[in-house]
Amino acid sequence: MAEYSFQEIERKWQQYWKDEKVYEVSNGSDKPKYYIMDMFPYPSGAGLHVGHPLGYIASDIVARFKRLNGYNVLHPMGFDSFGLPAEQYAIQTGQHPSITTDENIARYKEQLQALGFSYDWSRELRTSDPKFYKWTQWIFKLIYNSWYNTESDKAEHIDTLVAALATDGNADIKAACDEDTPTITADDWNGFSEKDKQLFLLKYRLTYQAETTVNWCPALGTVLSNDEVKDGFSERGGHPVVRKKMPQWSMRITAYSDRLLQGLEKIDWPEPIKEMQRNWIGKSYGAEIDFSVVNSSHKIRVFTTRIDTIFGVSFMVLAPESELVVELTTEEQKTEIEEYVVAAKNRSERERMSDAKNVTGVFTGRYAEHPFSGEKIPVYIADYVLAGYGTGAVMAVPSGDQRDFDFAKKFNLPIPLINDAQKLTKTEADPTKEGKIINSDFLDGLSPTEAMERGIEEVEKRGIGVRKVNYKLRDAIFGRQRYWGEPIPVYYEEGIPKLVPDEKLPLVLPEVDEYLPTEDGDPPLGRAKDWNYKGHPYELSTMPGWAGSSWYFFRYMDPDNESEFCSQEALKYWKDVDFYLGGSEHATGHLLYSRFWVKFLYDMGIIEVDEYAQKLVNQGMIQGRSNFVYRIDGENTYVSKGLKDQHKTTAIHVDVNIVKDDVLDVEAFKQSRADAKDAEFILEDGKYHCGWEVEKMSKSKYNVVNPDDLVQKYGADTLRMYEMFLGPIEQSKPWNTNGIEGVYKFLRKFWSLFHQGEAFQVSDEEPTKEELKVLHGTIKKVAEDVERLSLNTSVSTFMIAVNELSSLKCNKRAILEPMTIILSPFAPHIAEELWHLLGNEGTVVDAPYPEFQEKYLVEDSIEYPVSVNGKMRAKISFAADASKEEVEAGALANETIQKWLDGKDPKKVIVVPKKIVNIVV
RNA sequence: GCGGAUGUGGCGAAAUUGGUAGACGCACUAGACUUAGGAUCUAGCGCCGCGAGGCAUGGGGGUUCGAGUCCCUCCAUCCGCACCA
C-alpha cells in the first residue's frame, strides 16, 4: 500500500477501536481524571452538517491529547432526544416520536463515528430513555419536596418547614416563597385541613403550581419560556405567541438568584456568557418606598434604584395589570381606565414593543402624597410600567428618566430639576450621577451617590420604606402541554398534587392515539388510557426541554446505575466537568438552568460541587456560504460574475457542491436543472465565476455542505484537520471548502515520508541535529497550542514541520515515530496506521506523549536585527550564549553601525530578549 | 437605547510578554517533469515605484527608542438583552 488510501485506513481503524473497546474508560485509575464533554445535540432529521462537528473535533483533539499525557479521560456523547420537531412530525404522520428519534440518532451516530471521535459510546445516554428520565423525575420529586431557607441560604427538605410551622407558625421563617403568602400562627397551621396544608406548602415548594401569565402559542398548543419567544413569535416555527393566564408548574430559580450570580466568579467561562447571565439575573440595589394616597387607605409601593431623585417625582405610574388600579380609580375615570386596561391586555407583546416610542397612559383620578414634601402628585396607569418587575408601580422622575420624561411631555406634567449637572434638551432627560443634588430639602448639596445612601436611611428611619435588592430573573415555567417530554411524576387527589411514589418510577410515557390536544383543550396525555394512579389522574403536561439537560453530565459518570442517579463513588471520582464545549446560544437557557439544578443537588448533599463545569468554551457558529449564478432576464443565458453588470440579471442560488473555488462546474449545472439543459453561458477566461454571500446554512439556499461527502472525498482525518485549520475555534465564520486540498496534500506528504516508491520504509539511522530541532520544536509548539486551544496554528505547525522534514528527505524512525504520536489527536486514523506500520503493538492511544528537549532547540548563534532610532538597519550574528553587554558592545563596534551613527554618541542602547538591538541617538 | 465581541493582502488567517507585520494554507503567475494533468516539484506573490525608496494592521490622536498589540476618540459589522424604574 503505497498510496494514502484513507477510506481503507479509516474503515479499518474505526472497526478496530470499536471491537477492542479502545475508548471505554473506567471509574477509577491511578491516572488523574479529566472530564471533557460536548453539549449533546438534539438529533434533528436533517442530520449533521459540516458546522456541527466543529466543536466535537476540537474536544476530541483535547481528549486524545490528554490521554496521551497520562490522564484518565471521560469523553462521552449522548442525545437530547425530547423535542418539538419529532412531535410535529408525529402529528403530521402519526409515527411515534420515539421511532423518528431512534432513526435520527442512528444517523447521527453513524456520521459521528465516521469522523473517528474517541467517545466512550458505552456511556451513551438519551434524555427520552425511561432509564434516564426515571432520574429526571426523581430529581423533580426532590425539588418538589424542598423549600428555600434564606437564613441558612440553602434548600432544605419540606419537613423542616412543616415542623417549624407546627410549632411556631411562619412569622419568623425566612424563605423564598410566593409574594402573597400570609403570615400564620402555629395554631392556624395545626387547624388547617390536609388540603389547606398542601395548598399552603405550594407557596414554599421549590417547584410549585401557580396561576401565571405565560407565553401561549396557539399554533404549537403549548407554553413557551421567555427565551423561546423571539419578538412575539416562537423561536421554533415562528408562530405567534400571546400572553395568557394558566396554572403552571414552575421552578423557584429566583431563590438562587444571588448564588447563581456569585458562582460566576469562580468558574472559567467566557466573559460574554457570564455577562449575559448577569444581565438575565439583573440584580439591582435600591429601596422600596410607600406613597400614601389622598382620600384612600391604600398605599402605593414603588421600587427605585435612584432614591437621590425622589424630589424630582412629579407623578406616579401603575402597571395596567396592578391590583391597585381597580381600588384607586375614581368614578369619573373608571370608563377610560377600564378601556385602557382591556386594550393593554389584548395587545400582544409584539405590538407593545413595536409601539415602544408611542407613550400612552390614563389618569386614575387619584393623587398620592410625596413622602417628604407632602405635595399632591397625580397617579396614572401606563403600559410602559411592567407588572412583573419590582412592585408594578414607579415614582416618575421626568428629569432623570427618559420614559418618565416622554410621559411628562405628553401629559404636560412638570419636570422638576434635582441635580445641578442636569442638562435637559427638548426631547431628552438626563440621568446623570455627576453633580450635586438641588431642590431636594435634606439631600441638597450631596452627590447622587451620597444622596442614595442618605435617602435610604431617612426612608427607613421614618418607617416608610426599606432597602431592597431586586432581580429581573423570573421563576422558570416547568411544563409543556405536549406529548414528547418527560411525564411529570404527579397525580391529583381532590385537585391536590401528590408525588408518584419512587417505586412507580419511571413513570413511562403512555401511548396515545394522536399527538394533538384533546377536544377539551387538554394536552395530548389527556388521550392516554388508564393514565392514573389508583384512580387518581396523573398530571397531563410534560417537562420542558431543559429538564434532562440540566443534570445529564452526572449520568455519564454512571449511566447504567438502576438504583441511583449516579453512585457516590462515581461522583467522588469524576467530580465535575473539566472542559465543556458548546454553543453560546444556551447562555440564558440550559447553561443557567443546569447551574440552578446543580446548586440544588449540592444543597441536598448529593453532590460535592455547586458548579459543574470548571471551564466552558463556546465554539463559533458555522454559517453557510451561498453561491449564485446570474441569468440574463428573459433569456436562457447565464453570465459570469465579472461580466454581469453589462446585463440585466437575476441572481439564482446554485448548489455549492457543484462549485469549486467559486468556479461553476457548467456540465453539472446543466444536469442539475431541467431549464438549464440548453442554456448558454457567457464565460470569463473560459470559466464561469459565481458570486457568493454569507447566509444561514439551509437546504433552501443550496449551501448545505455534508460532512459525509467530504469524508468520502478526502477522508475524516483531512476534514478534521481542515475544520481546525479554518480559524480560531471560538470564531463564527462561513463554511468554505476552498482550501481543503492544502490539508489533504499535507497528509499525503506525511504519508510519503514513510514510503519509498511503493514500499513502506523507514531508516533506523541516528537523526541529525537539524532533524531533531524540527521534531522538538514541533512537539513544543503543538503542545502549547493545544493547551491554549489554538488548534488552527497547531495544524500550521505540522505543515511547516512536514515541509521541512520533506526537504531534509528525513525518513528516520526516531523522528517519524514521535511525529506520528503528536499528530494522532488531530488525524487519528492515519496515525494509527503508521503506528502499526512502524511495528508497534496496541494502539497509538496508549503511547506516551513525547517530551521536547530544550537542548535541540537552542541555536548556535542568534541573528540580532540592529535598529537606529527605531529603523531597522542590519542583522548581525552573535553567539547564542552572548551576554547582553557583549551584544551591545559588538553592535556598537561594528563599522557599518558606526557610520550610521555619524560620530554621534548613542544615548541609549536597548537589547531585548527577543533578539533586537535598538540604538537611540 | 444598554451590554458584549470583532475590524490585518484577492480569500481563510498568524504574530503567545510592546520588539523584523502578513507565518501556514487557498487562489493567482512563471518555470520543470510529463502523451496528458484537477498529480508532483521549483520560484514569485501587501500596495505605490524601473529603481533607490516610500506607504501599509477600520479613521484620527496619544504614550514609547519601538504600537496590530497599551490609552483616548470616532466609524463600521456581528451577537445578546430590550420600556427592568
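Values below: every heavy atom of this structure, side chains too, minus hydrogens, waters and symmetry copies. Throughout, a chain's letter reflects where its sequence line sits, starting with A, and its residues are numbered from 1.
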**Request:** Remember a base hit wins even if backbone is also touched, and classify A:N470 as base, sugar-phosphate or nothing at under 4.0 Å, heavy atoms.
**Result:** nothing

**Request:** Quick one: list whatever passes side-chain contact (heavy atoms from CB on, under 4.5 Å) with A:D785, sequence neighbours left out.
**Result:** A:K781, A:R788, A:S790, A:T793, A:S794, A:T797

**Prompt:** With ring centroids as reference points, do A:F407 and A:Y380 lie under 6.0 angstrom apart?
**Reply:** yes

**Message:** What's A:N792 touching, base or sugar-phosphate or nothing? Going by heavy atoms closer than 4.0 Å.
**Reply:** sugar-phosphate

**Item:** Spacing of the C1' atoms in B:rG68 and B:rU8 (rounded, Å)
**Value:** 7 Å

**Asked** Considering heavy-atom distances to RNA chain B, does A:R403 or A:E271 have its closest nucleotide positioned more toward the 5' end?
**Response** A:E271

**Message:** With rounding to the closest Å, how many angstrom separate the P atoms on B:rG58 and B:rA21?
**Reply:** 16 Å

**Request:** Please work out the stems of RNA chain B from pairs that are Watson-Crick or G-U wobble with both distances under 3.5 Å, keeping only runs of three or more consecutive pairs.
**Result:** B:1-7 with B:75-81, B:10-12 with B:24-26, B:28-32 with B:40-44, B:46-48 with B:53-55, B:58-62 with B:70-74

**Asked** Under 4.0 Å between a Lys/Arg side-chain N and an Asp/Glu carboxylate O for A:R748 and A:E741?
**Response** no

**Message:** Can you confirm if the aromatic rings of A:F750 and A:F798 lie within a centre distance of less than 6.0 Å?
**Reply:** no

**Message:** Using the C1' atom as the point on both nucleotides, what is the distance between B:rG4 and B:rA82, in whole Å?
**Reply:** 14 Å

**Request:** Between A:G388 and A:M276, just flag the one whose closest nucleotide in RNA chain B comes earlier from the 5' side.
**Result:** A:M276

